[in-house]
Structure formats: C-alpha cells, structure tokens
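A note on names: the letters A, B, ... follow the listed sequences, proteins ahead of strands, and every chain is numbered from 1.
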Amino acid sequence: MMTAVTMSPSRFAKAPRTNLIAGVAITSLLVAIAVVSNFWTPASPSKMNILSKLKAPLASGLAGTDAFGRDIFSMLMLGASNSLSIALTAVFFGMVAGVALGTIAAAMRGLVEEVIMRIADVIFAFPALISAIMVAALIGPGRLTAIISIALFAVPVFVRVSRGAALRIRSLDYCLAAKVSGKNRFRITTDHVLPNIAGAVLVQATTQVGLAMIVEAGLGFLGLSVPPPAPSWGRMLSEAQTYLTQAPWMAIAPGLAILIAVLGLNLLGDGLRDLFDPRSGSDA
Amino acid sequence: MTIYRRYLKRSASFILTLFAASVVIFLVMDLLPGNAAEILLGTSARQDTIAAMRSQLGLDLPAYLRYLNWIGGVFVGDLGTSASYRVPVSGLITERLAVTLPLAIMALAIAVVVGVTLGVVAGARPRKATDRCVSLAAQIGIAVPDFWFGILLILLFSSTLHWFSAGGFPGWSDPFAALKALMLPAVALALPQAAVLVRVTRSAVMDVKGEDFVRTARAKGLTGQRVLWRHVVRNALVPVVTIIGLQFSFLIAGAVLVENVFSLPGLGRLAYQSLAQRDLIVIRNVALFFAGMVIAVNFLVDLAYLWLDPRMRAA
C-alpha cells in the first residue's frame with residue numbers, strides 16, 4: 001500500500017532546531033576567531049619567551065604557555081585559521097570534483113557510471129593519511145600536501161552522495177517532463193538536478209569540513225601539514241607529548257579546540273539536514 | 001541475475017579495484033618526477049652514482065616491466081629490500097603486522113560491542129533520557145580525534161594512575177603484557193568508531209521498529225525484549241555491517257596516528273618512519289597493503305550484505 005508522506009507545516013515548525021542553533025553559534029565563533037587571528041591575537045603566536053615557558057593557564061595568558069614560552073591561546077587562534085582554511089579549500093575542491101563526477105554518472109548511466117564509481121572505489125581505498133604520506137614522499141610535507149590528500153579523500157564521498165541524490169531527482173516527474181520536452185542530459189543536470197541536490201551536498205560538505213579538520217590535525221601531528229613557525233593544532237599536540245606531566249594543558253587545549261570546532265560543524269550539518277529533510281530526524 | 005552471477009560480479013569488481021589501486025600507487029611512487037634513486041641519494045649526488053643506483057633498483061627498465069616486476073614480486077612475497085632497514089620488505093611488513101592487526105581487531109571489537117549495545121539501548125526508547133545521554137555522548141565522541149584521546153588516556157592511566165605504560169610494545173613472548181600494551185591504543189582507536197556505530201545502530205533500530213513484521217511479532221505476544229533482540233536488532237545489523245566496512249578506512253588512518261602516539265612498532269609507524277627516511281620501496285608496499293585491506297574489507301562487507309539481506313540477492 002502506498003502511503004503519502006506529507007509534512008504538515010506545524011510539524012516542520014516544531015522540528016527541533018537545537019542542533020542548528022548550537023551549530024551556527026559554534027561555527028560562527030570558529031570562523032570569527034580564524035578571521036580575527038590574522039589581524040590580532042592577545043600575544044604574538046611565534047614570539048618565544050623562555051623566561052615564561054610552561055606557565056599554567058591564567059598564570060600567563062588564557063591557556064598558558066608552551067615549552068618556548070609562546071602564548072598557547074594565540075597559537076590556537078591562528079591554528080584555527082590554518083586548519084579551517086586547509087579544510088575549506090580541500091573540501092571545496094573535493095566537492096567540485098565529486099559532484100561533477102557523481103552527476104555525470106547519474107546522467108550517463110551504463111559504462112560511464114560504472115567507470116566513475118570504480119574510480120571512486122579506488123580513491124576511497126586510500127585513507128587520507130596514507131595518501132598524505134605518498135604525496136609527501138613526492139612533494140614534501142606542507143599545506144599543499146594536506147589540501148591534496150584531504151581533497152582526494154573527500155571526492156568519493158561527494159561522488160556517492162551526489163550520484164544517489166541525482167538519481168532520485170532524475171526519476172521524479174518534473175525531470176521526466178523536462179526530458180520529454182526535449183531538454184538534453186546536460187540541461188536537465190544544470191537546470192533541475194544541481195539546484196535540487198544542493199541541500200544534500202551542503203549538508204555533506206559541512207560534516208566533511210569537520211572531518212577534514214580532524215584529518216588536518218592528524219597530518220599536523222605527523223608534521224605533514226603547515227610547516228613551523230605557523231601554528232597547527234596537530235603539531236601543538238605532538239609537541240605537547242614531551243611535556244605531558246609538566247604541562248598537561250599543552251595537550252588539553254589544542255584537543256579541546258579541535259573537539260569544539262568539529263562538534264560545531266557536525267551539529268551544523270545535522271541541523272541543516274533536519275531543516276532540508278525533517279523526516280530524517282537526527283535530533284534526539 | 002542469479003546469486004552466483006552476483007557474487008562473481010562483485011569478485012571481478014574487487015580484483016579490478018585492487019589492480020587499479022596498485023596502478024595508482026605505481027604511478028604516484030614510480031613515474032612522477034623525483035625517482036627513488038635521486039630521492040635516496042640526495043640532490044648533490046653525482047650523475048654516475050645515481051645511474052648505478054637506478055640500475056640496481058631496476059629503474060632503468062621500461063615502466064610496464066617495472067610494474068610487472070613489482071606486482072609479480074607481490075604475488076610470490078618478494079617485495080624488494082628496504083633501503084633504510086636493509087632487510088626484505090615482506091619480513092618488515094609481517095613483523096609490523098603482528099602489532100597493527102591485533103590492534104585493529106581489538107579496536108573494532110570494542111567499537112562494535114560498545115557502539116551497537118548503546119545504539120540499541122538508545123534506539124529502543126528514542127527521545128527518553130537514556131537516548132539523549134547516549135546521543136550526546138556519541139555526538140561528542142565523533143568529534144574527538146582518536147590520537148588526542150590516546151594522549152588523554154596516557155595522561156590519566158599512565159602519568160597519573162600508573163596503571164599502564166605510556167607506550168612501547170614488549171612483543172608477543174608475554175601475551176598478557178602485549179595485550180596490556182595494546183589496550184589503551186585500542187580504546188583510543190575505538191572511540192570515534194563506536195560513536196559512529198551508536199548513531200547508525202540507533203537510527204537503524206528506530207527504522208526497523210516501524211516495520212510490519214515487528215508489529216506482527218508484538219501481536220503474537222512476544223515480550224518487548226525478545227522482539228527487540230530477535231527481530232529488531234537482527235534486521236538493524238544490515239546497515240551497521242555496511243558502516244563497519246566504510247569505517248575501516250578511518251581505522252587504518254587512526255592506526256597510523258595512534259601507533260605514533262603510543263610508540264607502537266606497527267605498520268602505520270613504519271609508513272611514517274619510511275617517509276622520514278625517504279624509503280619509497282617500503283612506502284609503496286605499505287600503501288598497497290593498506291589499500292588492499294580497505295578494498296578487501298569492503299568486498300567482504302558486500303558479500304556479508306548479500307548474505308544478511310536476501311532481498312539484495314534478487315535486486
């Protein structure tokens with residue numbers, strides 16, 4: 001028996017927005033800190049002051065100082081800018097390539113679709129850190145290595161999401177009508193498919209930026225992301241390991257920064273999904 | 001399409017993907033500028049020294065022969081000799097696998113037990129207090145980087161409580177000590193995986209609870225717990241198995257980091273150390289091994305999917 005699924009406006013209005021509000025608030029704060037850090041930080045993130053090294057939070061600065069006497073809070077602020085810019089750039093390129101391939105697969109079907117999906121499978125077989133190690137072996141560690149490996153890692157995710165959503169849209173009546181009226185595959189994709197899968201892609205992109213920030217931190221931890229003296233949350237964690245007993249805040253602060261940033265982006269992703277597709281009901 | 005043809009098609013796709021992955025690795029590591037001889041000897045090396053090293057490594061052969069030599073070696077277990085360790089790469093990988101494989105299995109086991117149990121508990125009574133607590137914990141768990149969680153575990157259980165060592169691996173001669181050394185890394189690696197599984201299981205349980213056969217089971221007079229575990233959970237496991245396959249890639253990436261945090265002599269640490277030593281032969285083979293593992297696990301998940309859900313066989 002077919003059941004008509006309708007969303008009454010009242011239920012839509014009552015859909016929980018906690019995720020969205022919390023996500024927007026945390027992510028806005030993250031973006032604001034990342035932008036401001038390029039103009040102002042409480043102290044210079046690269047200025048060493050051996051006399052005030054390993055000072056506890058509030059004894060010197062909000063989050064204390066590291067082994068070189070650098071202000072951890074200022075390093076965290078500029079680290080947010082580095083991490084977010086890498087994650088956004090990588091996800092953007094991964095998204096463009098992935099959505100292009102996914103929508104082409106859905107439009108062409110047959111052999112083209114099969115080949116694209118197998119390419120996605122092959123890329124997916126390389127975890128970002130393994131790609132990064134391979135890329136770093138060729139061009140050395142750095143921002144570009146991080147962006148390439150995170151972007152590659154995002155491609156198959158967007159291929160799958162956009163292909164699935166595009167296939168669903170293409171089977172709907174208005175796409176069939178457009179086909180009957182003589183529109184070609186390309187026009188149907190640009191006029192009908194892309195605008196209608198934008199929501200699903202945006203939701204995925206938001207979550208993917210969060211994931212990319214975790215991966216970037218991992219790359220930074222291994223020294224494969226931005227080189228010193230540019231602060232990186234991952235490298236701060238790596239340096240903190242040596243002083244774990246003397247200065248635990250060195251390890252706690254960058255990890256908390258990653259946790260809060262990723263949590264904000266994930267909540268934003270969940271909130272957007274609830275907004276675009278209230279039936280998914282991700283909110284507890 | 002018969003079930004056998006479907007199995008056959010998946011197997012062909014598995015072999016093709018493995019082949020393509022090996023070609024990608026070969027192209028990246030062997031054909032792009034900056035070949036292994038130059039990288040090993042450095043930019044200041046004399047041209048005749050580089051030429052001799054190229055010949056020794058077989059780099060003067062045509063590309064297709066180099067590829068065939070490599071892949072032929074993979075089939076017979078001859079992966080070449082590590083430039084930095086001066087030992088056969090196959091032995092090196094086997095030795096390191098004795099750490100990484102148990103670590104991955106322990107982490108996966110912890111993640112599945114914790115993730116599925118909490119997911120079922122949360123999904124069984126959605127929007128109640130337990131569900132809200134579990135869902136919040138899962139939301140936070142997904143955002144925690146596994147290597148940072150590892151550092152926090154060291155801070156608590158090694159530096160403060162002195163229950164576990166902060167790192168290192170004593171070897172399998174003392175299995176208890178070996179398992180103890182892998183416990184904190186496995187927990188660190190399991191946390192984000194468990195958090196993802198909680199969310200997927202919860203959502204799958206909620207979906208299956210609304211199915212007609214569950215209503216029928218209830219109408220037959222079965223108790224709530226029996227309906228939950230025998231009918232709901234069993235069917236909810238289908239998407240969960242798929243996610244376990246997809247998450248395996250993250251487990252591998254996490255192992256590279258967690259092994260470095262805990263100074264474990266595993267495959268991930270080997271890949272990282274080989275990068276520092278510019279040992280391209282090791283990187284190439286470890287990358288193939290990791291990619292092969294991800295592809296193989298996803299292939300097994302595909303087969304499990306066919307087996308678990310009879311509807312897929314006819315699809």
| Quick one: do the Asn82(A) and Arg143(A) side chains pair a donor with an acceptor below 3.5 Å? | yes

| message | Heavy-atom cut-off 4.5 Å, strictly under: side chain, backbone, both or neither for Ile252(B) against chain A? | response | side chain

| query | So which part of Phe147(B) gets closer than 4.5 Å to some heavy atom of chain A, the side chain, the backbone, both or neither? | reply | side chain

| message | Could you check whether Asp279(B) and Ser84(B), counting side-chain N and O atoms only, form a donor-acceptor pair closer than 3.5 Å? | response | yes

| message | If I measure from the heavy atoms of chain A, does Leu275(B) come under 4.5 Å with its side chain, its backbone, both, or neither? | response | side chain

| Between Phe248(B) and Phe124(A), is the gap from one ring center to the other below 6.0 Å? | no

| field | Choice from Thr245(A), Leu211(A), Leu237(A) maximising heavy atom contacts with chain B below 4.5 Å | value | Leu237(A)

| task | Spell out, as yes or no, whether a donor-acceptor pair under 3.5 Å connects the side chain of Ser28(A) to the backbone of Val24(A). | result | yes

| query | If you measure from the Lys or Arg side-chain nitrogens to the Asp or Glu carboxylate oxygens, is any gap between Glu114(A) and Arg109(A) under 4.0 Å? | reply | no

| message | Looking only at heavy atoms and a cut-off of under 4.5 Å, which of Pro192(B), Ala21(B), Ser159(B) has the most pairs with chain A? | response | Ala21(B)

| query | Most heavy-atom pairs under 4.5 angstrom with chain B, which of Val135(A), Leu256(A), Leu222(A)? | reply | Leu222(A)

| Portion of Ser203(B) that has a non-hydrogen atom of chain A nearer than 4.5 angstrom | neither

| task | Below 4.5 Å from any heavy atom of chain A, which atoms of Val261(B) appear? Answer side chain, backbone, both or neither. | result | both

| said: Among Ile283(B), Ile25(B), Ile142(B), which residue has the highest count of heavy-atom pairs closer than 4.5 Å to chain A? | reply: Ile25(B)

| Salt bridge between Asp121(A) and Arg160(A), side-chain N to carboxylate O under 4.0 Å? | yes

| task | Sort out for me which of Ile140(B), Ile295(B), Asn298(B) touches chain A most, counting heavy-atom pairs under 4.5 Å. | result | Ile140(B)

| message | Donor-acceptor pair, distance only, cut-off 3.5 Å: does the side chain of Trp70(B) make one with the backbone of Arg284(B)? | response | no

| task | Identify which part of Ile119(A) has an atom lying under 4.5 Å from any heavy atom of chain B, answering side chain, backbone, both or neither. | result | neither

| request: Look at Asn266(A), Ile260(A), Ile258(A), Ile252(A) and state which one has the largest set of heavy-atom pairs under 4.5 Å with chain B. | output: Ile252(A)

| query | Looking only at atom types and distance, does a side-chain atom of Thr216(B) sit under 3.5 Å from a main-chain N or O of Asp212(B), one as donor and one as acceptor? | reply | yes

| note | When the 4.5 angstrom heavy-atom criterion is applied to Leu257(B) and chain A, the contacting part is both

| query | Of the non-hydrogen atoms in Pro156(A) and Ile123(A), which two are nearest, and what is the gap between them? | reply | CD-CG2, 3.8 Å

| At a heavy-atom separation under 4.5 Å, does Leu263(A) approach chain B through its side chain, its backbone, both, or neither? | both

| request: Answer yes or no: is there a donor N or O on one side and an acceptor on the other, between the side chain of Ser149(A) and the main chain of Ala146(A), under 3.5 Å? | output: yes

| Heavy-atom pairs under 4.5 Å with chain A, option from Val144(B), Leu155(B), Val256(B) with the top count | Leu155(B)

